[in-house]
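The first residue of the sequence shown is numbered 1, and numbering continues consecutively from there.
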Amino acid sequence: MKILVIDDHVLIREALRGILKELKRDAFLFDASSSGQAMQIVADHPDLGLILLDLSLPDRDGFEVLAELREQYPAIPVVVLSALQDRAIVLKALYWGASGYIPKSAKREVMISALKLVVSSDVRCNTPADLVSAGSRPQGVLPCAAIRICQMTKENRLVC
């Protein structure tokens, strides 16, 4: 499985390597520190199995990157991994097609469980890109994997 981590902090990208190798031992990992670099990697490797996206990037708004990824590569699951935990931001990410939202403060075990759920998901709801490009996603409708991640927390929290 090919996985791309998009985060401008090298420490975060390096720390995620261990977690992602735990998720999939045979994972081939790519990392990008900017949206420009990330979009080039995705164009070169459209068979990516997972993208982890930080919303705070130096060259572009993370939501714009998410929307472009959903539009151009709807089959690749994108999980937002961010320090931002505001409910409105989480809902916006899910609305724009994120397969899940994990705060950077999440415990390792929770992060791995959430990512396993996303990559093993056989059930796909409406393609987020179709809904986003049409501007027709009904309020409160979330992608399947995002709903399952939300349900897995004992505290009934939206974030992991």
Find the distance between [atom1] ([X]) and [atom2] ([Y]) and round it off to the nearest 0.5 Å.
| X | Y | atom1 | atom2 | result |
| --- | --- | --- | --- | --- |
| Asp26 | Met1 | CG | CE | 8.5 Å |
| Tyr73 | Ile51 | OH | CD1 | 8.5 Å |
| Ser34 | Met39 | OG | CE | 11.0 Å |
| Ser113 | Lys107 | OG | NZ | 12.0 Å |
| Leu52 | Ile102 | CG | CD1 | 7.0 Å |
| Leu4 | Leu48 | CG | CG | 6.0 Å |

[X] to [Y] - nearest heavy-atom pair and separation:
| X | Y | answer |
| --- | --- | --- |
| Ala67 | Trp96 | CB-CE3, 4.4 Å |
| Val118 | Pro77 | CG1-CB, 3.7 Å |
| Ile41 | Ala32 | CD1-CB, 4.1 Å |
| Gly36 | Asp59 | N-OD2, 3.1 Å |
| Ser35 | Arg60 | OG-CB, 3.3 Å |

I would like to know whether Leu66 and Tyr95 meet side-chain contact (heavy atoms from CB on, under 4.5 Å); could you show each step before the answer?
-> CA-CA 10 Å; Leu66 176 60; Tyr95 176 86; over 6 Å; no

Under 3.5 Å, is there a donor-acceptor pair between the side chain of [X] and the main chain of [Y]?
| X | Y | answer |
| --- | --- | --- |
| Arg17 | Ile12 | no |
| Asp47 | Lys2 | no |
| Lys116 | Leu23 | no |

Residue pair [X] / [Y], side-chain heavy-atom distance below 4.5 Å:
| X | Y | value |
| --- | --- | --- |
| Leu53 | Val5 | no |
| Gln85 | Val90 | no |
| Ile76 | Leu69 | no |
| Leu81 | Asp7 | no |

Check: Asp8/Ser33 side-chain N/O donor and acceptor closer than 3.5 Å =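 Result is no, nothing qualifies.
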
Take atom NE2 of His45 as the centre, draw a 6.0 Å sphere, and report whether it contains more than 12 heavy atoms from other residues, nucleotides or ligands.
-> yes

Is the NZ atom of Lys24 crowded by more than 12 outside heavy atoms at less than 6.0 Å?
-> no

Stepwise salt bridge (Lys or Arg N to Asp or Glu O under 4.0 Å) test for Asp86 and Lys92 | CA-CA 10 Å; Asp86 179 70; Lys92 184 177 178 180; over 6 Å; no

Stepwise side-chain contact (heavy atoms from CB on, under 4.5 Å) check, Tyr101 with Val79 = CA-CA 6 Å; Tyr101 192 104; Val79 174; over 6 Å; no

Take Ile6 and Leu57 through the side-chain contact (heavy atoms from CB on, under 4.5 Å) test and state the conclusion after the steps.
-> CA-CA 8 Å; Ile6 308 169; Leu57 297 172; 3.9 Å; yes

Could you tell me whether Arg13 and Asp54 make a salt bridge, using a distance below 4.0 angstrom between a side-chain N and a carboxylate O?
->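 Salt bridge: no.
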
Report the C-alpha distance between Phe30 and Val42 in whole Å, list the side-chain angles of each, state the deciding distance to 0.1 Å, and finish with yes or no for side-chain contact (heavy atoms from CB on, under 4.5 Å).
-> CA-CA 10 Å; Phe30 297 92; Val42 178; over 6 Å; no

